[in-house]
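The structure under discussion appears below in the form of structure tokens.
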Amino acid sequence: QVQLVESGGGLVQAGGSLRLSCAASASTFSIMSMGWYRQAPGKQREVVATITSLGSTDYADSVKGRFTISRDNAKNTVYLQMNSLKPEDTAVYYCKGSRNIWATYWGQGTQVTVSS
């Protein structure tokens with residue numbers, strides 16, 4: 001069973017920065033595609049950023065230019081560097097990992113709150 005544990009969330013003022021971390025228990029981390037998703041109250045969960053096993057990245061338009069996803073395979077960890085945070089970034093952020101279409105794993109989430 002693959003376990004994903006997020007950390008790094010918290011309260012920050014608008015314009016500030018946070019770095020989220022997601023640590024995976026899987027020895028197969030290096031071949032997993034990873035992503036960050038978020039869900040605000042009353043809204044559906046949405047993709048924020050993804051990174052493939054080869055390092056290709058993609059971002060939601062709302063965070064492009066402000067957020068950066070990266071991975072450290074030696075540490076089985078994926079990161080989300082969040083800069084220029086806005087109140088609308090407030091949400092629970094979830095880490096997602098997948099080895100293939102039939103094997104998907106989710107973390108428990110970490111709260112990010114951005115005050116104006």
Discussion item. Tell me whether Arg99 forms a cation-pi arrangement with Tyr105, defined as NZ or CZ under 6.0 Å from the six-membered ring centre and within 45 degrees of its axis.
Written reply: no
Worksheet item: Between Tyr94 and Arg45, is there a cation-pi geometry (under 6.0 Å to ring centre, at most 45° from the normal)?
Response: yes
If you take all heavy atoms of [X] and [Y], which pair is closest and at what distance?
{"X": "Arg38", "Y": "Tyr93", "value": "NH1-OH, 2.9 Å"}
{"X": "Gln39", "Y": "Lys43", "value": "NE2-O, 3.2 Å"}
{"X": "Val12", "Y": "Leu18", "value": "CG1-CD1, 4.0 Å"}
{"X": "Ser53", "Y": "Ser30", "value": "CB-O, 3.3 Å"}
{"X": "Val78", "Y": "Ser70", "value": "CG2-O, 3.1 Å"}
{"X": "Asp72", "Y": "Phe29", "value": "O-CE2, 4.0 Å"}

Linked, directly or transitively: [X] and [Y] (ILVMFWY side chains, under 4.5 Å):
{"X": "Val48", "Y": "Tyr79", "answer": "no"}
{"X": "Val63", "Y": "Tyr37", "answer": "no"}
{"X": "Tyr59", "Y": "Met34", "answer": "yes"}

Test your reading of the model: is there a side-chain donor-acceptor pair from [X] to the backbone of [Y], 3.5 Å cut-off?
{"X": "Arg19", "Y": "Gly9", "answer": "no"}
{"X": "Arg71", "Y": "Thr52", "answer": "yes"}
{"X": "Gln3", "Y": "Ser25", "answer": "no"}
{"X": "Ser98", "Y": "Asn100", "answer": "no"}

Discussion item. Let me confirm one number: the CG-CD distance from Leu4 to Glu6, rounded to the nearest 0.5 Å.
Written reply: 7.0 Å
Worksheet, complete the sentence: The reported gap from CD in Gln13 to OG1 in Thr113 (rounded to nearest 0.5 angstrom) is 13.0 Å
Discussion item. Among Ser21, Cys22, Cys95, exactly one meets side-chain contact (heavy atoms from CB on, under 4.5 Å) together with Thr77. Which residue is that?
Written reply: Ser21
Fill in: Of Leu20, Leu85, Asn83, Thr57, the residue whose pairing with Phe67 passes side-chain contact (heavy atoms from CB on, under 4.5 Å)
Leu85
Worksheet item: Crowded around Glu88 CD? As in, over 12 foreign heavy atoms under 6.0 Å?
Response: yes
Practice prompt. Flag yes if more than 12 heavy atoms outside Gln108 fall under 6.0 Å of its CD atom; otherwise flag no.
Written response: no
Close side-chain approach of [X] to [Y], heavy-atom, < 4.5 Å:
{"X": "Thr68", "Y": "Leu80", "value": "no"}
{"X": "Thr104", "Y": "Lys96", "value": "yes"}
{"X": "Ile69", "Y": "Trp36", "value": "yes"}

Worksheet entry | Lys86 with Asp89: basic N within carboxylate O range, under 4.0 Å | no
